[in-house]
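Quick notes on the structure that follows.
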Amino acid sequence: MKKANHYAEFKIKEDNNNVILFNGEENKTKHIILKSANIKGLFSDISVLDDLLICGNLRDPKLINIYSLKNGKLLNEIITRGTGKNEGLSAASIFLTHNSYFIWIYDITLSKLFKIDLSKAVADKNYIPEKEVVLGRELKNIIFPTIINDSLILATTYSSDDNRYLYADTKKIVRKIGKLPEVENNEELTDRPDTKFPNKSYIFKATGLRNPYENKVAVFYNKADRAEFYLNDNLVKTLSSNQGFSPKMKVRKLEKGFSVEDYSKTRYAYLSVTSSKDYIFCLYSGSENGETSSNRIFIFDWNGGFIQTLFLDRKVCKISFDHKRNMLYFYDAKEGGIFYANLN
């Protein structure tokens with residue numbers, strides 16, 4: 001009989017022939033020295049567009065800082081922190097639209113999306129978002145939404161465990177794709193009645209990316225060493241590194257059902273992801289000490305081919321690809337600074 005509080009690894013139950021292993025430690029490696037961009041702050045997310053760095057601000061009165069990459073100067077701060085119209089509480093993620101100067105800011109706390117025209121936002125001290133979208137009830141707690149157009153979103157979610165990712169308009173889910181892995185000790189994922197966060201969707205938190213040129217989607221798991229690649233919304237490849245681990249969680253037995261929580265030995269896999277037309281760059285931890293920063297980046301192509309491992313000279317927690325200069329930008333939370341590296 002299990003104790004009321006204990007620790008468990010939710011081992012994924014799967015035919016190993018369906019999972020392709022890669023070794024990110026051998027042969028295809030490169031060591032990179034980062035340079036400082038002379039930009040400091042407490043940031044939730046970062047994104048690069050042309051000569052601009054857009055940062056989610058964790059504490060200041062405005063949610064978003066816009067910096068010049070030419071000189072590190074703060075150009076503007078936008079979106080007032082608050083709960084009113086055109087206000088927000090958190091910038092969980094920043095999404096760039098394809099071939100456009102528009103970006104989207106996702107506020108997971110208030111379940112809002114803000115559409116921003118950077119050509120205006122750079123200079124207008126009283127800038128108001130072009131569009132504020134309050135998401136429908138069943139879209140609360142989506143993760144890192146990919147904005148396909150103004151009325152179609154791709155995302156993973158904390159709120160349901162019957163899909164791997166979903167398509168939605170701004171009010172409701174229109175299509176569910178794939179499924180979450182099965183685990184050996186599934187009974188300990190039994191949810192408490194009327195839960196808003198199913199245990200299975202929590203332990204299999206993941207980030208999904210969509211290729212803007214082809215119908216290809218890649219999903220990277222946060223608490224399991226697992227990446228999935230989809231073509232036309234069909235799973236075609238599953239990858240695991242040589243570390244190969246499943247979610248390790250603290251489990252609490254409730255009067256009805258269970259709850260699962262992270263703890264000091266929870267291992268994190270993919271921490272932050274960004275992409276180009278041809279490649280996906282993934283900040284990967286794998287640490288057995290619950291670290292949420294890393295100096296290791298796996299590079300894949302959109303078909304799930306492992307390309308290379310980059311080893312950085314410092315640990316970072318966020319990454320963003322610079323399409324204009326073929327560079328990667330990094331946020332080091334410990335130092336509170338932005339760094340970069342040229343990939344040419």
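Keep in mind the model is a prediction, meaning the values are calculated, not measured. The basis for the numbers below is simple: all heavy atoms, side chains too, and nothing from hydrogens, waters or symmetry mates.
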| query | Below 4.5 Å, heavy atoms only, C-beta onward: do I116 and Y101 meet side chain to side chain? | reply | no
| note | Rounded to the nearest 0.5 angstrom, the CG-OG1 distance for N86 and T80 is 9.0 Å
| request: Before accepting this row, confirm whether a basic side-chain N of the pair R192/E255 lies closer than 4.0 Å to the acidic partner's carboxylate O. | output: no
| Co-members of V134 in a cluster of I, L, V, M, F, W and Y side chains, linked at under 4.5 Å | none
| field | Ring-face cation contact, Y270 with K223, 6.0 Å cut, 45° max | value | no
| request: Check whether any side-chain heavy atom of L343 sits under 4.5 Å from a side-chain heavy atom of L328, and report yes or no. | output: yes
| said: I'd like to check V219 versus R226 (side-chain heavy atoms, cut-off strictly below 4.5 Å). Are they in contact? | reply: no
| field | Atom pair OG/NZ of S160 and K196 - distance to nearest 0.5 Å | value | 15.0 Å
| message | Atom OH of residue position Y279 - does it have more than 12 heavy atoms of other residues, nucleotides or ligands inside 6.0 Å? | response | no
| query | After noting the C-alpha distance and the side-chain angles of Y284 and F298, does the key distance pass the ring pair (Phe, Tyr, Trp, His ring centres under 6.0 Å) rule? | reply | CA-CA 7 Å; Y284 177 93; F298 292 151; 4.6 Å; yes
| field | Residue K125 excluded, over 12 heavy atoms near NZ under 6.0 Å | value | yes
| said: Any side-chain to backbone donor/acceptor pair from Y230 onto N215? Under 3.5 Å, distance only. | reply: no
| query | Does a side-chain heavy-atom distance below 4.5 Å link S287 with Y268? | reply | no
| Polar side-chain atom of S93 near backbone of F144 as donor-acceptor pair, under 3.5 Å | no
| request: Would you please say whether a donor-acceptor pair under 3.5 Å links the side chains of D278 and S276? | output: no
| For the atom pair CG (L75) and CD1 (I66), what is the distance rounded to the nearest 0.5 Å? | 7.5 Å
| query | So which of R267, K265, K315, R296 actually passes salt bridge (charged side-chain N to carboxylate O under 4.0 Å, His left out) with E291? | reply | K315
| task | Over all heavy atoms of both residues, which pair between A91 and I105 is shortest? Give the atoms and the distance, please. | result | CB-CG2, 3.9 Å
| task | Taking T274 for its side chain and F281 for its backbone only, find out whether a donor-acceptor pair lies under 3.5 Å. | result | no
| query | How about F220 and T156: do any of their side-chain heavy atoms sit closer than 4.5 Å? | reply | no
| query | Do the non-hydrogen side-chain atoms of K237 and I20 ever get within less than 4.5 Å of each other? | reply | yes
| query | L166 and R175: side-chain contact (heavy atoms from CB on, under 4.5 Å), yes or no, with the steps? | reply | CA-CA 6 Å; L166 56 85; R175 189 181 176 200; over 6 Å; no
| field | Distance (rounded to the nearest 0.5 Å) between K13 NZ and S246 OG | value | 12.5 Å
| said: Would W302 and L209 count as a side-chain contact (heavy atoms from CB on, under 4.5 Å) here? Give the steps. | reply: CA-CA 10 Å; W302 281 95; L209 294 178; 3.9 Å; yes
| task | Answer with yes or no whether the side chains of S294 and S285 bring together a donor and an acceptor at under 3.5 Å. | result | no
| said: Whether E228 and R164 form a salt bridge (side-chain N of Lys/Arg under 4.0 Å from carboxylate O of Asp/Glu) is what I want to check. | reply: no
| task | Determine, step by step, whether D262 and K250 satisfy the salt bridge (charged side-chain N to carboxylate O under 4.0 Å, His left out) criterion, reporting the C-alpha distance in whole Å, the side-chain angles of both residues, the deciding distance to 0.1 Å, and the verdict. | result | CA-CA 6 Å; D262 297 20; K250 180 179 180 180; over 6 Å; no
| query | Within 45° of the axis and under 6.0 Å from the centre of the six-membered ring of Y213, does NZ or CZ of K277 qualify? | reply | yes
| Hphob cluster co-occupancy, I297 + F311, side-chain heavy atoms under 4.5 angstrom | no
| message | Has N163 got a side-chain atom pairing as donor or acceptor with G178's backbone, closer than 3.5 angstrom? | response | no
| query | Does E188 come within less than 4.0 Å of K253, counting only side-chain N to carboxylate O? | reply | no
| query | If you look only at pairs with a residue in residues 103-116, which of them pass as a salt bridge (Lys or Arg N to Asp or Glu O under 4.0 Å), with sequence neighbours excluded? | reply | K112-E132, K115-D150
| Is a salt bridge present between D51 and K324, judged by a nitrogen-to-oxygen distance below 4.0 Å? | yes
| query | Does D332 pair with R314 as a salt bridge, N-O distance under 4.0 Å? | reply | yes
| query | Considering residues, nucleotides and ligands other than K40, do more than 12 of their heavy atoms fall under 6.0 Å from its NZ? | reply | yes
| task | Indicate whether any N or O donor in one side chain lies under 3.5 Å from an N or O acceptor in the other, for S241 and D225. | result | yes
| message | Under a 3.5 Å distance rule, please check whether D313 uses its side chain to pair with a backbone N or O of L34 as donor and acceptor. | response | yes
| request: Assess whether side-chain contact (heavy atoms from CB on, under 4.5 Å) is satisfied between E87 and R81, documenting all intermediate values. | output: CA-CA 6 Å; E87 295 179 342; R81 196 178 299 275; over 6 Å; no
| query | Measuring from D45:CG to I94:CD1, what's the distance to the nearest 0.5 Å? | reply | 4.5 Å
| Is there a side-chain contact (heavy atoms from CB on, under 4.5 Å) between F300 and F22 once you walk through the steps? | CA-CA 11 Å; F300 305 97; F22 69 93; 3.7 Å; yes
| query | Would you find a donor on one side and an acceptor on the other, under 3.5 Å apart, between the side chain of T97 and the backbone of F102? | reply | yes
| Between T266 (side chain) and K248 (backbone), is there a donor-acceptor pair under 3.5 Å? | yes
| query | Between OG of S259 and CG of L189, what distance do you get to the nearest 0.5 Å? | reply | 11.0 Å
| query | Side chains of I148 and I153: closer than 4.5 Å at any heavy-atom pair? | reply | no
| request: State whether the side chain of N57 and the backbone N or O of L63 hold a donor-acceptor pair below 3.5 Å, judged by distance alone. | output: no
| Any luck finding a side-chain donor-acceptor pair between N303 and K216 under 3.5 Å? | yes
| Polar side chain donor-acceptor pair, Y67 to N65, under 3.5 angstrom | yes
| message | Are more than 12 heavy atoms, taken from residues, nucleotides or ligands other than K11, located less than 6.0 Å from that residue's NZ atom? | response | no
| Are K140 and E138 close enough for a salt bridge, meaning some N to O gap below 4.0 Å? | no
| message | Between D233 and Y167, is there a side-chain donor-acceptor contact under 3.5 Å, judged purely by atom types and distance? | response | yes
| message | Tell me whether N199 contacts the main-chain N or O of F258 through its side chain, where contact means a donor paired with an acceptor under 3.5 Å. | response | yes
| message | Just by distance, no angles: are the side chains of N342 and N344 close enough, under 3.5 Å, to form a donor-acceptor pair? | response | yes
| said: Taking the six-membered ring for Trp, are F330 and F339 closer than 6.0 Å centroid to centroid? | reply: no
| Check: Y7 ring centroid to Y263 ring centroid under 6.0 Å | yes
| message | Would K200 and E182 count as a salt bridge (charged side-chain N to carboxylate O under 4.0 Å, His left out) here? Give the steps. | response | CA-CA 9 Å; K200 196 171 187 181; E182 295 298 324; 3.5 Å; yes
| said: For the NZ atom on K171, are there more than 12 heavy atoms of other groups (residues, nucleotides or ligands in this structure) within a distance under 6.0 Å? | reply: yes
| Is any side-chain heavy atom of V251 closer than 4.5 Å to a side-chain heavy atom of F10? | yes
| Got a donor-acceptor contact below 3.5 angstrom from the D50 side chain to the L52 backbone? | no
